[in-house]
Every structure is written in C-alpha cells, then in structure tokens.
Protein chains: 2
Amino acid sequence: MNLHDLKSVCGSCTIRELCLPAGLSDEEVHLLDQHMDHRQVVSKGDYLYRVGDPFRSLFAVSSGFFKTVLLHEDGRGQITGFQMMGELLGLEAIHSDHHVCDAIALEDSAVCAISFDQFEQLGQIMANLQHRFNKDLSREIVREHNVMMLLGSMRSEERLANFLIDLADRHAHRHQSSVEMTLRMTREDIGSYLGLKLETVSRLLSRFHDEGLLEVRGRRVKILDRNALALRRTETHN
Amino acid sequence: MNLHDLKSVCGSCTIRELCLPAGLSDEEVHLLDQHMDHRQVVSKGDYLYRVGDPFRSLFAVSSGFFKTVLLHEDGRGQITGFQMMGELLGLEAIHSDHHVCDAIALEDSAVCAISFDQFEQLGQIMANLQHRFNKDLSREIVREHNVMMLLGSMRSEERLANFLIDLADRHAHRHQSSVEMTLRMTREDIGSYLGLKLETVSRLLSRFHDEGLLEVRGRRVKILDRNALALRRTETHN
DNA sequence: CGATTGGTTGAGCCCATTCAACGAATGTGG
DNA sequence: CCACATTCGTTGAATGGGCTCAACCAATCG
C-alpha cells in the first residue's frame with residue numbers, strides 16, 4: 001500500500017481541530033471524509049504545485065512545512081507565507097482556476113487533498129462547513145493585512161521579532177514548544193518573507209543572540225526572553 | 001425619502017457586472033435583491049466602520065472611493081487597500097465577527113449593505129452566488145499577495161509605477177479614462193499604501209513628470225507615456 | 001575528497017528617510 | 001471681506017538603515 005494513495009480520514013485525525021473540520025460535529029466530519037480526496041506525500045524540496053497549474057484541489061497540511069513563493073517576471077521572488085500542519089494551501093487559486101504561486105515543501109511533508117468542486121457541493125449542503133471556510137478565507141486576508149503592515153511600516157528588527165513570536169505562537173498552538181524551535185527555512189527565505197536580505201536577517205539574529213534574547217545555533221532557535229523579544233515588535237523600546 | 005433608506009436593487013444597477021452579482025442570471029439577481037439590505041451614504045471623511053465594530057454586513061461600493069486602514073498600537077497605520085465602485089468592503093471581518101480595520105470614505109460615497117447572515121443563507125441555496133463569493137475572497141488574497149511582492153521586493157519607483165498602472169486599469173475597467181485621473185487620496189495615503197514616506201511619493205511624481213511619463217498637477221494625473229511607465233514597474237529599464 | 005549550499009561578518013555605499021523651509025489652496029471667524 | 005489657521009504638497013540638505021560586495025567558515029553530499 002502506497003502512502004500516496006491513502007485515503008484521508010478527518011474523523012480520526014489528531015489535528016482535526018486545527019484544520020478545516022474544526023468545530024464540525026462528528027456526523028459532519030464523517031460526511032466531509034466521504035468527499036475527501038487522497039492523501040499525498042511531498043518530499044523536502046518538492047513542489048506541491050506550481051504557478052500555472054490548473055486548480056483542482058485545496059490542500060491541508062497534514063504534517064511538515066511549506067512555503068509559497070510568488071514569482072516576478074524578472075526572476076525576483078517573494079515568499080508570501082509559510083504553512084504548517086492544519087493550514088490550507090491553494091486558496092489563491094480559486095479566483096482564476098490556476099495556481100498563481102509555487103508551493104514547496106521545506107521538509108518531508110504530507111497533505112490531504114480536497115477536490116474543490118466536491119468541496120463546494122458539500123458546502124451547499126453543510127452550512128457549517130461553508131461558514132468555516134468563509135472564515136478561513138477571511139483569516140488569510142487578515143494575516144496578509146498584518147504582513148502588509150509589517151512590510152510597509154516596520155524596521156528590520158521589528159519585522160524579525162514579529163516573525164519569531166508569530167512562529168512561536170503557531171508552534172504553541174500545535175502543542176509544540178514555543179521556546180525551542182527548529183527553523184525549517186533558510187535565512188534567505190526568512191529575508192524574502194520579511195522584505196530583507198539574508199545578510200540582514202543573519203545580522204539581526206546575531207544581534208538578538210548577543211543581547212540575550214535568543215540562543216541561535218544555525219536553525220535551532222531558543223527564545224530566552226520572550227517578553228523582551230515581544231517588545232522589539234514595536235518601535236519604542238527605550 | 002432619505003437616501004440612507006433606499007433599498008438596494010442590483011437588478012437595475014449599472015455596475016452590476018462589476019460587483020457581487022457579476023455573472024448571475026436575472027432570476028438569481030432578483031433573489032439576491034430580495035435579501036439585500038439598505039443603501040447607505042457615506043460622506044467624505046466619514047467612517048463606514050471602525051476597528052472593533054461588530055461585523056453584520058458586507059458592503060459593496062456603489063459609488064465613491066474608500067481606504068481601509070490597519071492601525072498599529074503605537075499609532076502607526078498602514079493602508080491596506082483602496083476600494084472603488086463594485087468592490088467589496090468588510091471581508092476581513094468574517095473571521096472574527098469584528099472589523100479589524102477602519103474603512104474611510106475619501107469622497108462622498110454610497111455603499112450597498114448586505115447582511116452577512118442572510119448572505120450566507122442565500123449562498124446555501126444559490127451555488128452560483130457562493131462560487132462567485134469564494135472567487136471574490138480568493139481574488140482579494142491574490143491582490144494582497146501582489147502588494148506583498150510590491151512591498152517586499154520593489155524599489156520606490158517600481159512601487160509607484162505599479163500603483164499608477166493598477167489604478168489606471170481599474171478606471172479603464174469601469175469605463176473611465178485610464179489616462180487622466182484624479183487621485184482621491186493624499187500623498188501620505190499613497191505613501192502609506194506603498195510603504196513610502198509622503199516626501200518620497202511627491203519626489204517620484206515630480207520625477208515621472210520631469211521625465212515626461214506623467215503630467216501631474218496636484219491630484220490630477222495624466223499618463224503621457226503608458227508604455228514607459230509600465231516599464232518602470234520592473235527593475236531593468238536601461 | 002572537492003563541490004555545493006547555507007551562514008556569518010566586515011566595509012563602503014546608496015536609496016529612502018528625516019528634518020526643515022516654503023508655497024498653494026481651502027476654510028473659518030471676526 | 002480680510003486675517004489667520006490648517007491641510008496638502010514640493011523641494012533641499014543631511015543622515016542612516018539596510019544593501020552590496022566580498023571573504024571566510026561549516027556542514028552536507030555525491
């Protein structure tokens with residue numbers, strides 16, 4: 001039996017409450033399960049989808065870690081997000097029926113695929129599901145608002161502090177340590193997401209380290225003083 | 001009869017195809033009409049909603065021009081978008097049932113309010129409407145992706161060129177001149193949206209003017225060389 | 001092993017910011 | 001109606017934060 005062909009089963013999924021079926025009743029989840037597509041493994045470095053691919057399915061990250069990259073004609077790329085378990089991939093593609101960014105696994109990962117056609121039909125008979133989905137889309141909009149704020153009006157130090165705290169919170173929400181984390185992405189990835197160059201990210205991490213806010217060893221990061229770090233998210237920290 | 005109490009009637013609306021009911025059949029639009037809420041006038045400078053307001057309705061801009069502003073605790077604000085007729089306001093609020101930004105009219109405007117509860121019910125019995133709405137939400141996500149790209153990896157000149165071309169295109173799409181436009185927002189607003197200071201925006205406009213790309217007189221902007229301007233959206237313009 | 005990728009650190013530079021002065025347009029109250 | 005304040009925009013000069021260029025190191029891999 002091939003992992004690629006495993007059926008998704010939300011009903012018995014440990015991250016059910018973090019994911020699409022959050023808040024649904026057992027019967028509703030059962031119904032959702034019947035319409036779930038396959039489960040799919042994506043190895044580190046592989047593309048889940050690429051710009052231009054026709055849009056058929058949404059994906060829920062079951063395990064692992066992804067980045068989504070928006071490509072600009074002249075080669076420049078912007079990372080628009082990092083997705084961890086329970087989070088949805090592919091929402092941007094609904095509009096044009098084609099993916100408009102690349103989704104790349106940053107570690108060996110697995111996703112649950114949901115045929116969007118079937119999902120929409122299901123939404124028609126399950127108001128709860130549709131409502132949850134509307135909220136998920138809206139949440140993504142809010143998240144991006146916050147990134148716009150970050151990119152548009154914060155200095156480098158604040159950007160990185162925000163990034164680290166956000167990452168820690170998302171780990172905590174998944175019952176993982178919000179103190180010690182292994183970054184799944186390179187300095188360049190972080191820089192791309194934050195609108196900074198990799199050297200700047202590296203320097204900032206060193207700075208935070210020197211100041212006793214973090215312990216940084218490569219991609220292992222330990223938050224030593226969360227309060228102080230949290231203060232760095234905003235300008236005046238005299 | 002008070003304009004504030006006018007019933008919205010999509011069926012006879014001139015911008016129907018730019019707005020929420022785009023692509024719906026006459027019967028469907030009729031059904032939508034029955035569930036539309038009031039039409040509402042918003043004077044220049046007034047708030048359509050504020051951060052923290054409970055979310056009850058989506059708004060479709062019927063006429064006029066809005067900005068949405070995300071406030072940061074320390075007083076800084078980021079403009080997350082400008083909305084013109086046919087565009088939706090309030091999508092960010094679905095997630096938390098509360099508005100998370102301010103919406104401010106930049107000129108005397110009117111909006112059509114749609115009770116979101118009723119709208120969701122309607123979506124349950126009108127697959128087409130729900131599908132359109134999913135696409136609208138997805139489009140907003142794509143738009144914000146592009147802003148992230150702009151803020152994260154473009155230089156000031158490219159940002160402004162992108163902004164102007166985008167504005168021109170949206171005017172064209174509404175059968176308004178895409179050559180001569182009156183900006184509805186201040187230099188500071190533009191700067192906030194583009195992650196620049198107002199002085200920088202002013203200097204860039206002067207530069208484009210001097211180079212013969214634009215004719216700028218206060219808020220009147222005439223695009224003299226659209227091709228050249230379009231080239232400025234991307235780095236290499238030797 | 002050499003080759004490649006990822007990360008750190010330094011030195012100099014440049015683009016956008018800051019600070020500042022000034023002008024134009026609009027509105028307000030006496 | 002004028003005097004005055006306020007808001008909006010332009011332009012100049014100096015500053016600085018993050019970038020560029022570059023060297024170097026560590027880890028991984030075929």
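From a predicted model like this one, the values you see are computed outputs, not experimental measurements. What you see below is based on every heavy atom in this structure, not just the backbone, and it leaves out hydrogens, waters and symmetry mates. All chains are named by letter (A, B, ...) in the order of the sequence lines, taking the proteins before the strands, and each is independently numbered beginning at 1.
Whole-Å rounding puts the A:M154 CE to C:dA16 P distance at 21 Å. One atom, CG of B:L160, and another, C1' of C:dA16, lie 14 Å apart when rounded to the nearest Å. Rounded to whole Å, the distance from CG on A:L214 to P on C:dT8 is 12 Å. A:E188 has its CD atom 13 Å from the P atom of C:dT8, to the nearest Å. Atom CG of B:L198 is separated from atom P of C:dT17 by 10 Å (rounded to the nearest Å). Whole-Å rounding puts the A:I190 CD1 to C:dG6 C1' distance at 12 Å. Remark: C1' of C:dT8 and NE2 of A:H209 are 12 Å apart, rounded to the nearest angstrom. Across the protein-nucleic acid pair, A:R187 atom CZ and D:dA26 atom P stand 16 Å apart, rounded to whole Å.
One finds a side-chain N or O of A:T200 lying less than 4.0 angstrom from the OP1 or OP2 phosphate oxygen of D:dC19. For A:S156 and D:dG18, the shortest distance from a side-chain N or O to OP1 or OP2 is below 4.0 Å.
Just one of A:H98, A:H99, A:H95 meets the ring pair (Phe, Tyr, Trp, His ring centres under 6.0 Å) condition when paired with A:F55; it is A:H99.
Nucleic acid contact class of B:G195 (heavy atoms, under 4.0 Å, all strands): sugar-phosphate only.
Annotation: of the two residues near DNA chain C, B:L204 and B:E199, the 5′-most nearest-nucleotide partner is B:L204.
Side-chain proximity of B:S206 to D:dT11, C:dT8, C:dA16: nearest is D:dT11. Distance from the side chain of A:R155 is smallest to D:dG17 among D:dG17, D:dT10, C:dG7. In the set C:dG7, D:dT10, C:dT8, C:dG7 carries the atom at the smallest distance from any side-chain atom of A:R219. Of the candidates C:dT17, D:dT11, C:dT9, C:dT17 carries the atom nearest the B:L196 side chain, counting heavy atoms from C-beta on. Taking every side-chain heavy atom of A:R203 into account, D:dT20 is the closest of C:dT17, D:dG18, D:dT20. Distances were taken from every side-chain heavy atom of B:K197 (C-beta onward) to each of D:dC19, C:dG6, C:dT18; the shortest belongs to C:dT18.
Classification of the B:F59-B:Y49 ring pair by plane angle, with boundaries at 30° and 60°, yields parallel.
Comment: B:R203 does not engage B:E157 in a salt bridge, judged by the lack of any side-chain N to carboxylate O separation of less than 4.0 angstrom. Contact check on B:E180 versus B:R220 returns a salt bridge, with a Lys/Arg side-chain nitrogen under 4.0 Å from an Asp/Glu carboxylate oxygen.
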If you apply the rule side-chain contact (heavy atoms from CB on, under 4.5 Å), what do you find for B:F116 with B:R56, and how did you get there? CA-CA 6 Å; B:F116 189 64; B:R56 302 195 207 292; over 6 Å; no
